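Here the structure comes first, spelled out in structure tokens, and everything after it is commentary.
Owing to the predicted nature of the structure, the values given are computational and were not obtained by experimental measurement. The first residue of the sequence shown is numbered 1, and numbering continues consecutively from there.
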Amino acid sequence: MPVAQFRLDESKWKVYWQDSEGKWHFIDDIEPNEDFEIQLKIVDEGHNGMFWG
């Protein structure tokens, strides 16, 4: 089950969410970051309930 998608854009990782039609959308309140581990931690922690419930 897809939870999040990470895309590298201009040396920074961006986080995307998937809608019910399978389309991915940029999450603009997660600041793009050069450190992938930081982005992964944000998703793992749930980001305001967006990913885990």
Quiz item: In chain order, what residues pass the side chain to side chain contact (heavy atoms under 4.5 Å, CB included) check against Asp35, with sequence neighbours excluded?
Solution: Asn33, Glu37, Ile38
Quiz prompt | Single-linkage hydrophobic cluster Trp24~Ile42, side-chain heavy atoms < 4.5 angstrom | solution = no
Practice problem: Group every Ile, Leu, Val, Met, Phe, Trp and Tyr by side-chain heavy-atom contacts under 4.5 Å, then state whether Phe26 and Val43 land in the same group. | Solution: no
Practice problem: Calculate, to the nearest 0.5 Å, the distance between atoms CD and CD1 belonging to Gln39 and Ile30 respectively. | Solution: 6.5 Å
Practice problem: Quick one: pull up NE2 in His47 and CD1 in Ile27 and give me the separation to the nearest 0.5 Å. | Solution: 6.0 Å
Using residues 6-16 as the side-chain source, report each donor-acceptor pair under 3.5 Å to any protein atom, sequence neighbours left out, with the distance given to one decimal.
| from | atom 1 | to | atom 2 | distance (Å) |
| --- | --- | --- | --- | --- |
| Arg7 | NE | Gln5 | OE1 | 2.5 |
| Arg7 | NH2 | Gln5 | OE1 | 2.7 |
| Asp9 | OD2 | Lys14 | NZ | 2.8 |

